[in-house]
Amino acid sequence: MSKSVYEMVTEKIISQLESGVIPWEKPWTGAYNEAYNRISKKSYSFINQMLLLHNGEYATFKQWESLGGRIKKGEKSEIVVFWKPLPIEVQKEDGTKEIKQVPFLRYYNVFHISQVKGVEVLENERIKNINPIEEAEKILDAYINRENIKLIKELSNDAYYSPGRDLIHLPLIEQFNNVNEYYSTFFHEITHSTGHEKRLNRMEPGVKVAKFGNTEYSKEELVAEIGAANILNILGIETIKTFRNSTAYIQSWLQVLKNDAKFIVSASSKAEKAVKYILGENKNESMI
């Protein structure tokens, strides 16, 4: 029996976790490190950034061929996934039928520039000269003010987002051993806030009181993890999260992913929408 695309994607993510790599914490997108298509020059989506093994240029066999390139002997392709709308006939309540476009997950094979002969590497023209911390503050201030979110910073051991009060609570920046960890925590809670019903309406009933291991709570946590990691990379802020590499942390995510083949695709897609919402970019655009 052939595997579904969801199963193929999940197996690749699980393989990385089992080898000690946290896929959503790799420098896999943004202005500094990213995988992108050589022809369109567009960055791949979050889930594809996690799947692809390298940064830089990728293309299909035919795309490299069109540029005069040849795939080196013995090189193996990687996969990139995308949504393809397919027409499906459905019956309405009144008995009549209609055609609906239903998105199906598909994939195609790509090769990295390092696997190709006869094509020169492009210079990276997309690196931005920014002050990471200054830019982070601008993004946070703009979002908090735009969305009228309550923000409390005080001497405390608690960092959380309260959907009921639409409030973000943070310890003081001085309490963090590494200032970058402060911004990692802040963007994590900011990403949670995009799920509020008046924004992306992502919060499911019971999420705010569920414990880790609950499917919806775990998915929301992964949305926040991926979203925060992506924004940090866009800004060029690196963080050292030694506890993230603990056996317990990795095993907890392995258990969740092994129980739901669609989990990682759904979470990464929602994280992508959340980041775009935070940055005020294409809020209604569906990504994969």
Side-chain angles (χ1 to χ4, degrees), residues 22-26 30 46 132-246 248-253 256 267-268 270-275 277-279:
I22 312 298
W24 46 90
E25 291 191 357
K26 295 190 298 181
F46 285 19
I133 301 304
E134 182 180 317
E135 194 66 20
E137 288 291 344
K138 286 181 181 178
I139 291 172
L140 292 166
D141 287 345
Y143 177 79
I144 292 289
N145 291 330
R146 185 183 81 215
E147 300 297 327
N148 296 313
I149 294 174
K150 300 181 186 71
L151 177 63
I152 296 176
K153 299 179 186 179
E154 61 184 1
L155 187 64
S156 168
N157 293 322
D158 297 321
Y160 59 85
Y161 168 68
S162 168
R165 293 185 289 166
D166 198 20
L167 175 148
I168 291 174
H169 181 281
L170 292 172
L172 298 175
I173 191 170
E174 293 84 1
Q175 292 182 254
F176 291 81
N177 292 327
N178 183 328
V179 68
N180 291 4
E181 284 300 324
Y182 165 78
Y183 288 103
S184 174
T185 301
F186 204 159
F187 280 117
H188 181 100
E189 303 308 335
I190 283 287
T191 304
H192 275 315
S193 75
T194 65
H196 193 280
E197 61 183 3
K198 66 182 180 182
R199 298 184 186 98
L200 296 178
N201 196 24
R202 193 177 60 244
M203 297 291 185
E204 297 290 338
V207 169
K208 58 186 176 183
V209 296
K211 296 184 181 298
F212 190 90
N214 171 281
T215 300
E216 291 305 328
Y217 178 85
S218 298
K219 186 176 293 182
E220 177 58 26
E221 275 302 293
L222 190 52
V223 169
E225 295 264 301
I226 296 173
N230 179 256
I231 295 178
L232 290 174
N233 188 257
I234 288 173
L235 293 169
I237 296 176
E238 296 181 0
T239 58
I240 300 173
K241 301 178 179 177
T242 54
F243 75 93
R244 303 275 195 208
N245 297 321
S246 70
Y249 179 83
I250 291 175
Q251 288 301 318
S252 65
W253 285 119
V256 171
S268 61
K270 290 177 179 179
E272 188 143 17
K273 292 177 182 177
V275 170
Y277 190 96
I278 291 168
L279 300 178

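The analysis underlying the following values was restricted to heavy atoms, covering all of them including side chains, and did not include hydrogens, waters or symmetry mates.
Nearest heavy atom pair, residue Asp166 against residue Ile149, reads O-CG2, 3.5 Å. The two residues Pro171 and Ala159 make their nearest non-hydrogen contact at CD-CB, 3.9 Å. Across every non-hydrogen atom of Gly227 and Ala271, the tightest pair is N-CB, 3.9 Å.
Here the side chain of Thr191 pairs a donor or acceptor atom with the backbone of Phe187 at under 3.5 angstrom. In terms of modelled atom types and a separation under 3.5 Å, the side chain of Gln175 and the main chain of Leu172 share a donor-acceptor contact. Judged by distance alone, with hydrogens and angles left aside, the side-chain atoms of Glu189 form a donor-acceptor pair with the main-chain N or O of Tyr161 at under 3.5 Å.
Side-chain atoms of Tyr183 and Glu137 include a donor-acceptor pair closer than 3.5 Å. With 3.5 Å as the limit, one finds a donor-acceptor pair spanning the side chains of Glu221 and His192. A side-chain donor from one of Glu154 and His169 sits under 3.5 Å from a side-chain acceptor of the other.
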Steps toward side-chain contact (heavy atoms from CB on, under 4.5 Å) verdict (Phe176, Asn178): CA-CA 5 Å; Phe176 291 81; Asn178 183 328; 5.9 Å; no
Test log, rule side-chain contact (heavy atoms from CB on, under 4.5 Å), inputs Tyr160 and Leu170: CA-CA 7 Å; Tyr160 59 85; Leu170 292 172; over 6 Å; no
From CA spacing to verdict: side-chain hydrogen bond (donor to acceptor under 3.5 Å, both in side chains), Ser193, Tyr143: CA-CA 10 Å; Ser193 75; Tyr143 177 79; 2.9 Å; yes
Verdict with reasoning, Glu181 to Phe186, per side-chain contact (heavy atoms from CB on, under 4.5 Å): CA-CA 8 Å; Glu181 284 300 324; Phe186 204 159; over 6 Å; no
Intermediate values then yes/no, side-chain contact (heavy atoms from CB on, under 4.5 Å), Leu232 and Asn180: CA-CA 9 Å; Leu232 290 174; Asn180 291 4; over 6 Å; no
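Checking Leu279, Ile190, Ile234 one by one against Ile139, the side chain to side chain contact (heavy atoms under 4.5 Å, CB included) holds for a single residue, Leu279. For the side-chain hydrogen bond (donor to acceptor under 3.5 Å, both in side chains) test with Thr194, the passing option among Arg199, Glu147, Arg202 is Arg202; the others fail.
At least one side-chain heavy atom of Ile168 sits less than 4.5 Å from a side-chain heavy atom of Ile144.
Atom CG of residue Leu235 and atom CD of residue Glu134 lie 11.5 Å apart, to the nearest 0.5 angstrom. Lys153 contributes atom NZ, which lies 7.0 Å from atom CD1 of Ile173 (distance to the nearest 0.5 angstrom). Atoms OG and NZ, from Ser268 and Lys219 in turn, are 10.5 Å apart once rounded to the nearest 0.5 Å.
Residue Asn145 places its CG atom among more than 12 non-hydrogen atoms of other residues, nucleotides or ligands, all under 6.0 Å distant.
For the pair Arg146 and Tyr277, the distance from NZ or CZ to the six-membered ring centre is under 6.0 Å and the angle to the ring normal is within 45 degrees.
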